[in-house]
Amino acid sequence: MNPKMGLIIGVLGLIFLAALLFSGAEGATHNYYWVVEETNFTKLCTTSTILTVNGSFPGPEIHARKGDTIFVTVQNDGPYGITIHWHGVRMPRNPWSDGPEYITQCPIKSGRNFTQEINLSTEEGTLWWHAHSDWSRATVHGAIKVFPANGTSYPYDEPDEDHTIILSSWYKSNVMDVLKEALSTGRDTNASDAYTINGEPGDLYDCSNETMYSLSVEAGKTYLLRIVNCILNEEMFLVIANHNMTVVGSDGAYLKPFSTDFLFIAPGQTMDVLLTANQKASYYYMVLSPFLDTDSSYDNTTSRALIKYRGNYTTPTNQVSTPVFPNISDSKSAQDFVVRLRSLGDAHHPINVPQNVTNKYFITVAVNLLACAPNATNCTVNGTNKLAASLNNNSFVTPSTALLQQYYENNFKLNGIVDKLPNKPPTRFNYTTALNMSVYTSQGTRVITLDYGDTVEIVFQGTNIGATQNHPMHLHGYSFYLLGMGPGDFDCGTDPRRFNLVDPPEVNTIAVPRKGWAAIRFIADNPGVWFMHCHFERHTIWGMSTVIIVKNGDTNETSILPPPSYMPPCS
């Protein structure tokens, strides 16, 4: 027997035994064995070596039902450490398998493996997984399809087919080299060379016409499209020529259905949409184009795929229908789309919006500068500075040892481990109009701490500091309710009166509008150490993040589970 195959069989056997012994879930158990490895792909006339899972880009899908438990053994055969995060999975009481490097675990070293337990609870719809170390998620990512539990069904007519649409960034260069260059110079990161739809750039790019992704449809049938934005640094518009889409879910939760001729989707978000093939049999373009109302650098290219009707007809050559979509800086269309998201909130899919808030946070988000020490080598912005980003004027410093491990080994005490992130910015100012505020920020490992059962409201406030733009904020371990958003400075007197407390969408990632605000609420009922950050990768590496630590409750059932027998070592 091949030694590597013997190892795989042995590991799978151990996973199965662990599932029988330790899984308390009532649903089914699924086991996966993944190998992280370098693989060559040729795109845009260039062969690039990228990091993959099981040699595929995008990576393999996970299929499960609501309430199931999934064990994934990640074997790292790549050249550097890796972690995997299960984006949007609540992971009740189990932050040990959540994945962000140096927050819940240290990277899996090259040549080692780590088995992660993914516990599905309330999630239903489309989520995704991705690397959460350095910039590896550029190519290490894939979908998680969570089907209704046995004996239940979709809250809409069952579609005829189900397809995943993964949106990704593509770099000709090694993405780790792109990251290293940015960190070594203190400057902005290079933009990607293309966007891809299910791994293919489409016919507007060089050497890409023959490999363009196409979806075959039959007239009269309805298709569930599970759309995942894995792109590193841009929010996107997606349009299908001559076809409306019906949005039915986002971030693993159902929505009140609504029809739209375009999608606005931020990095980290998923959208479940129904597409009915109700047009004349022909070819129609699916078009992916960036949204960016800022002066920052970005990838200003367009990716296309094809919707191809089945049947006998004259194949179009130069007359493929192309859609009209919002322009690149159309913030009104973007925000109008978000406002239409409403929770389904029926008897089978209830929601629980906190009405009385015990903890309120007002958090400014900004792109900043850090002053450099004399003779520093990574300070090429204006000669003496490097780029940074902040929440409440703190640029997060990632610890060198996993924060969860420190917290657990310190008997769930925070003394000497972290500092407190203030619940409001240190200085009040006119956040979206002030021109004389300093662009500089401070650094520290500052976190938010909550008692079990706290009800929490966070208002994210975009500012006029630095390069202003939208910020897709994501919270691990929780879905939260998006109560509202608006332009300008948040008015604590009038804006809360406009909050949607009846059927706000339950999501895990929101796009905080440029020079505007967004308000969320959730109940702190999942103890653990949970990362909260902007899902633009460049903003995360610059420090636009923090950690929310939810303390244990009074019982075993409201406390963090003990760690697995093996965690990747930090040294």
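Counting from 1, the numbers follow the sequence of the chain as shown.
In this model, a donor atom of one side chain and an acceptor atom of the other lie less than 3.5 Å apart for T49 and N40. For the residue pair T83/Q105, the side-chain donor-acceptor check at 3.5 Å is not satisfied. Looking only at atom types and distance, the side chain of T211 has a donor-acceptor partner in the side chain of E200 under 3.5 Å away.
Not counting sequence neighbours, R446 has no partner by the salt bridge (charged side-chain N to carboxylate O under 4.0 Å, His left out) test.
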**OP:** For F291 and F264, run ring-ring contact (aromatic ring centres under 6.0 Å, His included): C-alpha distance rounded to whole Å, both residues' side-chain angles, the deciding distance at 0.1 Å, then the answer.
**Re:** CA-CA 8 Å; F291 163 75; F264 167 68; 5.4 Å; yes

Subject >> Step-by-step side-chain hydrogen bond (donor to acceptor under 3.5 Å, both in side chains) determination, T555 to T558 >> reply: CA-CA 5 Å; T555 66; T558 58; 3.0 Å; yes

Original post:
side-chain hydrogen bond (donor to acceptor under 3.5 Å, both in side chains) between T42 and T47: does it pass, once the steps are laid out?
Top reply: CA-CA 4 Å; T42 300; T47 298; 2.7 Å; yes

**OP:** Show your working on side-chain contact (heavy atoms from CB on, under 4.5 Å) between V447 and V529 and close with a plain yes or no.
**Re:** CA-CA 10 Å; V447 307; V529 174; over 6 Å; no

Subject >> Criterion side-chain hydrogen bond (donor to acceptor under 3.5 Å, both in side chains) on T364 and N392, from CA distance to verdict >> reply: CA-CA 5 Å; T364 52; N392 276 353; 3.3 Å; yes

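The stretch residues 551-567 participates, sequence neighbours left out, in these salt bridge (charged side-chain N to carboxylate O under 4.0 Å, His left out) pairs: D451-K551.
Stacking of R90 on the aromatic ring of F522 is not recorded, the 6.0 Å distance cut-off and the 45° axial limit not both being met.
Between W170 and F41, the ring planes lie perpendicular to each other; the angle is over 60°, past the 30° to 60° tilted range. In this pair, H87 and H535 present their aromatic rings perpendicular. The plane angle is above 60°, beyond the 30 to 60° band. Relative ring orientation between W128 and H130 is described as tilted, the plane-to-plane angle lying within the 30° to 60° band.
With salt bridges taken as basic N to acidic carboxylate O contacts below 4.0 Å, one links K145 and D162.
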